[in-house]
Structure formats: C-alpha cells, structure tokens
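Here the structure is laid out as structure tokens; the discussion comes afterwards.
Nothing here was measured: the structure is a model prediction, and the numbers come from that model.
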Amino acid sequence: MKNEMKEEKKKFLNVVFNVKRNPEYKGNHELARTDRIHTTFPLGTTEEDMIKEFHAELVNISNGKTWLKGEMIQVTSI
C-alpha cells in the first residue's frame with residue numbers, strides 16, 4: 001500500500017509559469033503583480049493544455065467580481 005502511494009505521488013509534473021500582467025486588466029489584485037507561479041499537472045499533460053487550464057482557473061476578488069487567471073495574467077514561458 002505504501003509503495004502504491006509513493007508511485008501515485010510521482011505521477012505529476014511540477015511546473016513554473018513565468019507570467020506577466022495582462023495589459024487589459026485594470027484591477028489591483030496581487031496575482032497581477034506576480035512574475036512566477038508554481039503549480040502541478042498530471043504526467044503527460046502538454047504545455048498547451050497546461051496553459052489553457054491555468055488561464056481558465058477562477059480567481060475570486062473580495063468585491064464579488066470573479067476573474068479568470070487568463071484575464072489577469074498571461075503565461076510568457078514554462
């Protein structure tokens with residue numbers, strides 16, 4: 001059982017996205033001031049799919065507005 005769990009833990013990719021602020025985003029969220037974001041994806045995920053999935057994630061802002069990460073930041077490289 002322990003060996004199976006170790007194997008499962010190794011089946012993902014650690015990814016660092018280099019990002020920049022989306023010029024169309026006029027808000028003040030801390031995410032828009034970030035230049036690198038670390039995340040994980042299942043092994044075998046393509047770079048294109050990683051970027052699409054990352055941009056599609058929701059970010060909630062305290063005033064009730066919800067943004068997609070892709071509306072706030074853009075991936076420049078992986």
When the side chains of residues 68-78 are checked against the rest of the protein, which donor-acceptor pairs come out under 3.5 Å, sequence neighbours left out?
{"unit_1": "Lys69", "atom_1": "NZ", "unit_2": "Glu57", "atom_2": "OE1", "d": "2.6"}
{"unit_1": "Glu71", "atom_1": "OE1", "unit_2": "Leu68", "atom_2": "N", "d": "2.8"}
{"unit_1": "Thr76", "atom_1": "OG1", "unit_2": "Asn18", "atom_2": "O", "d": "2.9"}
{"unit_1": "Ser77", "atom_1": "OG", "unit_2": "Asn18", "atom_2": "ND2", "d": "2.8"}

Does the side-chain contact (heavy atoms from CB on, under 4.5 Å) test come out yes or no for Ile37 and Phe54, once each step is laid out? CA-CA 10 Å; Ile37 296 179; Phe54 178 77; 3.6 Å; yes
For a quick test of your reading: what N or O donor-acceptor pairs under 3.5 Å do the side chains of residues 38-45 make, sequence neighbours left out?
{"unit_1": "Thr45", "atom_1": "OG1", "unit_2": "Pro42", "atom_2": "O", "d": "2.6"}

Among the clusters formed by ILVMFWY side chains lying less than 4.5 Å apart, do Leu13 and Ile51 turn up in the same one? yes
NZ (Lys20) and OG1 (Thr34) are apart, to the nearest 0.5 Å, by 15.0 Å
Which pairs pass salt bridge (Lys or Arg N to Asp or Glu O under 4.0 Å) with one or both residues in residues 25-52, sequence neighbours excluded? Glu48-Lys52
